[in-house]
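Heads up: the structure comes next, in structure tokens.
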There are 2 protein chains.
Amino acid sequence: MKPRSRRGGGRPTIADVAKRAGVGAITVSRALREPQRVSEDLRRQIAAVIDELGYVPDPNARALASVRTDVIGVLVPSLTNNVFAEVVRGIYDGLGDSHLQVQLGNTHYSGLEEERLLRVFLSQRPSALVVSGIDQTPTARKLLEGGGCPVVQIMEIGPDPVDMMIGFSHFEGGRTVTRHLVDRGYRKVGFIGARMDPRSQRRLAGYRAEMKRAGLFDPRLVTTTTMPSSIPLGRELLRDALAKVPALDAVFCNNDDLALGVLFECHCSAIEVPAKMGIAGFNDLDMMSVAFPSLTSVSTPRYEIGRRAVSMLRAAIAGSRPEQPVIDVGFALKPRESTARKI
Amino acid sequence: MKPRSRRGGGRPTIADVAKRAGVGAITVSRALREPQRVSEDLRRQIAAVIDELGYVPDPNARALASVRTDVIGVLVPSLTNNVFAEVVRGIYDGLGDSHLQVQLGNTHYSGLEEERLLRVFLSQRPSALVVSGIDQTPTARKLLEGGGCPVVQIMEIGPDPVDMMIGFSHFEGGRTVTRHLVDRGYRKVGFIGARMDPRSQRRLAGYRAEMKRAGLFDPRLVTTTTMPSSIPLGRELLRDALAKVPALDAVFCNNDDLALGVLFECHCSAIEVPAKMGIAGFNDLDMMSVAFPSLTSVSTPRYEIGRRAVSMLRAAIAGSRPEQPVIDVGFALKPRESTARKI
DNA sequence: GCAATGGATGGTAGCGCTACCATTCATTGC
DNA sequence: GCAATGAATGGTAGCGCTACCATCCATTGC
């Protein structure tokens, strides 16, 4: 007539461990969470019983009884996108031997979905949150500010952090690539962009600023779509761009997938790269350096962003505010054959 | 002197809602979970109060009080890998309007890590589990069998399912590609593989079987590494393969990234494709059809696997065992220019 | 020798929710 | 008219854990 058999599935509980070890439940709890507060004798003894019984603490009971869980919530706009896959990898590696768990959420580039997930995550009282970008909806921002846990916004930096930030300026990134193309003597430099999320928009803004500065801007040089980015789409968009501006002599692609598609389209249409067409991408995925010809891109420290975001959060959880809440990790232009036109 | 202020952060609870609505807590609980058991009047009234107070149920308390949570645990060996990214997308889409949550776990192709995550997941009493492949460790298998929830093994099919399975035969996939290459008149057909997880091994076994059948097998034609797959690695491995067997006239690449790397290496070394070198990949990522020349591959229904795995689980959660616990979704060879040698 | 100190340990009372078992009250059948 | 029925609702007692506040006891200082 054990009452436990009714629910709970009969797994051993902390009380079982305590009884068997001849100690109070709270001591077992402490042995698990703050070992230094329990004498070594007891600690060893408790460990043996835990092992013998196969006891696993129930995270739900733990969460209910405590103010915080060991979960850090991570919201990214996409998991299919290589860029965020790398960020997530950095995040996992950044956890190291901490007991933190990651809870991933995919917002699908939707502010509303981000709000929804934020509510779900916050209802679990996470230790910390990672969100992508700096364009949260006002509601989402309010949720973050009232969440009572450290927050890092990643990928971008801006003037008004919710809490902490780590990323780089996409505007400057776009500007740098564009300047590189102009410096190489390309004149009809197009912009090709897919998805056009806020970061893409800012890269486009950088492109526009630089083209205007050079006196080369023409709105017909810009070809964008809200469709998700892909290699096939790169081919299509180049065809579209050439249909509008046949004299096009270079393209800055919003990301590397598009750039590769553009390269294939050039191969297929026998457009010489870099002589007749300069190509530059963004992010510097590993394929860029091995493509033929190799493709110019902008290397962005995605993995590092993930890793450092977690270490900022771990520090914040431990109670130390960083003296520098906004970190610019920068980016690096990687000029390669695809823009190496003889001047 | 509210005791709640001590912990819990002062969020409204089900008791607050109940009091305000002038009903019992349990009725609020029912209104949320089994609306048809509460009269419409009360339901409406309760909904209004919930809205007014901004009440969000605490999933931890829910989990503690019930036998099961609404979480389905998903274990994949990699998130960076395009293939699993698509599966995960299918899984999310398969959820539809159910209230199920996904908890993702990344095993990094490690059986031990899979065991660890399985323990973490099971400690939360999930509604169902998705695991990748059919090569769980004996311990992992025991955990799955004793987990007391429906389980789907995805990506592969085999003779002895833990519960349900959906996937296809990688052995047959490897065999089919190899036969295609042999049929096109290639004779020194190499195999290039990275990572060499169990599924890659079975594709290799299919290759080997077919090459032996054709009387063409030579162990020196096989070039593998345990390093993770990537496009640059494809270039390297082709160089290695050519160093061993200069007469190599085709390669079956374990996956599409390698195939693309091989294509670039051919471009770079001016090896004509498909005349001097046939190239085939595996999975048919969207870049394959738009590469130049377009690349032969084997299309695998990754998205569909994710989607259908979830619908099998939803059915199982609802109590209906499928009459067909093992589903072979098959695959489809996509012959393209990279193997279109004139015979 | 004895109070003051501080580290180790334990008891109690929830955390917010739901399973289980009442209870209530209108409806039905005879 | 009255017991039997069943739908709607509520009360109580946990789920397994930890925060909070004792309590205990060895050590220290005078």
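Please read all numbers here as calculations on a predicted model, not as lab measurements.
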> Is the closest basic N to carboxylate O distance between R89(A) and E86(A) below 4.0 Å?
Replying inline: yes
> Checking R125(B) side chain against A63(B) main chain: does a donor-acceptor pair fall under 3.5 Å?
Replying inline: yes
> In whole angstrom, what separates R11(A)'s CZ from dG14(D)'s C1'?
Replying inline: 16 Å
>> I need the CD1-C1' distance between I26(A) and dA8(C), as an integer number of Å.
In response: 13 Å
>> Hydrogens and angles aside, do S29(A) and R33(A) bring a side-chain donor and acceptor to less than 3.5 Å of each other?
In response: yes
>> Between T27(B) and dG10(D), is there a contact of a side-chain N or O with OP1 or OP2 at under 4.0 Å?
In response: yes
>> When the axes are fitted on five pairs at both termini, how much does the helix from dG1(C)-dC30(D) to dC30(C)-dG1(D) curve, in 10° steps?
In response: 30°
> Pick one: which of R302(B), R307(B), R308(B) meets salt bridge (charged side-chain N to carboxylate O under 4.0 Å, His left out) with E304(B)?
Replying inline: R308(B)
> Just wondering, more than 12 heavy atoms not from R20(A) lying within 6.0 Å of its CZ?
Replying inline: no
>> If you assign L32(B) and G22(A) each to the DNA chain C nucleotide with the nearest heavy atom, which residue ends up on the more 5' nucleotide?
In response: G22(A)
> Charged N to carboxylate O below 4.0 Å: is that the case for R195(B) and D197(B)?
Replying inline: no
> In whole angstroms, how far is the P atom of dC15(C) from the CG atom of D16(B)?
Replying inline: 11 Å
>> With side-chain contact (heavy atoms from CB on, under 4.5 Å) as the test, pick out the partner of V28(B) among V17(B), D16(B), T13(B).
In response: V17(B)
> How long is the line joining CD1 of I14(A) and C1' of dC17(D), in whole Å?
Replying inline: 6 Å
> Near DNA chain C, under 4.0 Å by heavy atom, which residues of residues 33-61 of chain B?
Replying inline: R33(B), Y55(B), P57(B), D58(B), A61(B)
> Taking atom C1' of dC15(C) as reference, at what distance in whole Å does atom CZ of R62(B) sit?
Replying inline: 16 Å
> Rounded to whole angstroms, how far apart are CG on L64(B) and P on dT18(D)?
Replying inline: 12 Å
> M164(A) and side-chain contact (heavy atoms from CB on, under 4.5 Å): which partner among L313(A), I154(A), I327(A), V130(A)?
Replying inline: L313(A)
> Can you check the R68(A) CZ to dA19(D) C1' distance for me, whole Å?
Replying inline: 15 Å
> Please give, in whole Å, the distance from dT9(D) C1' to R30(B) CZ?
Replying inline: 6 Å
> S132(B) side chain to L75(B) main-chain N or O, any donor-acceptor pair under 3.5 Å?
Replying inline: yes
